[in-house]
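Right, one structure below, let's go through it.
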Amino acid sequence: MRATVDITRGDFRLRADVGIPPGGVLAVLGPNGSGKSTLLECIAGLRHPHGGSVSLGERTLTDVARGVHIPPHRRGVGVLGQAPLLFPHCTVQDNVAFGPRARGAGRAAARKVAREWMERLAVAELAAHKPHQLSGGQAQRVALARTLADEPGLVLLDEPLAALDADAGPAMRAVLGRVLRDGDPARCGLLVTHDPLDALTLADSVIVLSGGAVVEQGATREVLAAPRTSFTARIAGLNLVTGRAVADGLRTVDGAVLSAARCDGVRAGAPAVAVFPPGNVTVYPGHTAGVVRAGNHRNTGSAVVESLEPHGPVVRLRIAAPRSGPEHGWVAGLTADVATAAVAELGLEPGQEVEVAVPAEAIGVHEAFTGQS
Ligand SMILES: Nc1ncnc2c1ncn2[C@@H]1O[C@H](COP(=O)(O)OP(=O)(O)OP(=O)(O)O)[C@@H](O)[C@H]1O
């Protein structure tokens, strides 16, 4: 699938160029209002872009310049959203058989296809049920079976797990992963999600939209491990400090220099970001600042503890800039994961002055997104 989309909605403009190879799954991440649904709707044919084209394999689905716009139901594109939207008066089996029937299959052939998909999605024993008799997770699995039984060349998944509860969500993620991976090698998928776990487990590549532009793209693991925007860093659970690249590190906007073990080929002077995990931020009580700086620690800064919250086996500290010392502004907004015992031992609490240190080995410096790439 290849889509080049240019569309304006009020003051908002989306310009995106995305490609998914056969068999591939692309995750679309981005903050609220960044254009994820608009992109999906243009690809589904539900919205007419002002410029661009959409193709699936050899077929042109949209070509604005040539006036081509294949309607949604003839695109060979399946859509699954948050709500299953099953036909309420039809049984599960008739819902799943709907696509094959609509494409001209006889009753018996359509039932056979439906049965195969119901079995693959573990809903075969519900074949005679009506939608109102299903749990949310079962209904969503039936909706996925109905979508796939229609043999789409592209399946668009718009937050398919968002409405499911804590039990049904993981089960549905596992089912989705299985059918997306072991399915038709010609079929590709596009998944709109807010959850980086969905992107990691279900997609092989990702784009991040911000303000209607693609600001990051690449293999999911690589993008989440080396984010170039604060949005991606946040969802990947990493700290990100902006500045300009210097030899072996980053000069922050407030003039501090962070040394880094990895500088992914960034030109000195180029806009760059330093990225490191919260688990690598060490926190010392403020009165030890002199000792910390005199020791082997580089990348240190004075800070204030803003908040503490439990985070699995550790306590996650949110760090604020100190009340004085503008050169330490880079510490503002950092998170640090500290063992619960250490929090008790150091008596850490909100408002306390501390010193933070980040080892150079934990820091990677990457080119920043500037809007020109
Ligand atoms: N009905 C509308 N009329 C005019 N502009 C709209 C309308 N709906 C959305 N927009 C604009 O389009 C932009 C993109 O919306 P879209 O729904 O594609 O974002 P999204 O990334 O899917 O958001 P979310 O994560 O909240 O679902 C919005 O920021 C808004 O400015």
Side-chain angles (χ1 to χ4, degrees), residues 1-20 25-54 56 61-62 64 69 71-72 75 77-85 136 140 143-144 147 152 154-166 168-169 172-173 176 180 188-203 205-218 220 223-224 227-237 240 369 371 373:
M1 195 282 301
R2 171 113 244 144
T4 306
V5 169
D6 188 347
I7 183 169
T8 303
R9 301 181 73 187
D11 294 338
F12 175 82
R13 184 171 185 187
L14 169 74
R15 278 184 289 186
D17 186 356
V18 298
I20 313 173
V25 180
L26 174 76
V28 181
L29 293 167
N32 289 333
S34 57
K36 303 181 296 293
S37 299
T38 306
L39 173 65
L40 182 138
E41 286 161 9
C42 288
I43 295 171
L46 297 166
R47 225 168 256 293
H48 291 239
H50 306 312
S53 59
V54 179
L56 182 57
L61 305 181
T62 298
V64 176
H69 183 86
R75 294 191 157 223
V77 173
V79 183
L80 179 66
Q82 283 186 28
L85 301 179
Q140 198 64 333
L144 181 61
T147 303
L154 166 68
V155 53
L156 301 173
L157 303 157
D158 194 355
E159 306 225 30
L161 310 179
L164 300 180
D165 63 29
M172 180 72 184
R173 184 182 290 111
L176 255 179
L180 289 174
C188 52
L190 182 146
L191 168 73
V192 169
T193 179
H194 278 100
D195 189 341
L197 183 60
D198 292 347
L200 275 169
T201 53
L202 300 175
S205 62
V206 63
I207 61 167
V208 180
L209 284 176
S210 177
V214 177
V215 294
E216 312 214 34
Q217 60 187 319
T220 311
V223 169
L224 291 178
R228 303 199 299 155
T229 62
S230 51
F231 169 79
T232 316
R234 199 167 58 248
I235 61 167
L240 178 141
F369 172 73
S373 53

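In this text the structure is predicted, and so the values were computed from the model without any measurement. Each ligand, and each atom within it, is numbered from 1 in the order the structure gives.
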Query raised in the report: Would Thr8 and His50 satisfy side-chain contact (heavy atoms from CB on, under 4.5 Å), going step by step from the backbone distance to the final call?
Result: CA-CA 7 Å; Thr8 303; His50 306 312; 3.8 Å; yes

Report task. Output, in order, the C-alpha distance, side-chain angles, deciding distance and verdict of side-chain contact (heavy atoms from CB on, under 4.5 Å) for Met172 and Leu144. Result -> CA-CA 10 Å; Met172 180 72 184; Leu144 181 61; 3.9 Å; yes

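The 4.0 Å heavy-atom shell around ligand 1 contains residues Arg9, Phe12, Pro31, Asn32, Gly33, Ser34, Gly35, Lys36, Ser37, Thr38, His194, ordered by chain and number.
Panel note: side chain Lys36, backbone Gly30; a donor-acceptor pair is recorded below 3.5 Å.
Under the side-chain contact (heavy atoms from CB on, under 4.5 Å) criterion, Gln217 pairs with Ile207, Val214, not counting sequence neighbours.
Closest of all the heavy-atom pairs between Ala44 and Val77 is CA-CG1, 4.4 Å.
Going from atom NE2 of His194 over to atom CG of Leu161 covers 13.0 Å, rounded to the nearest 0.5 Å.
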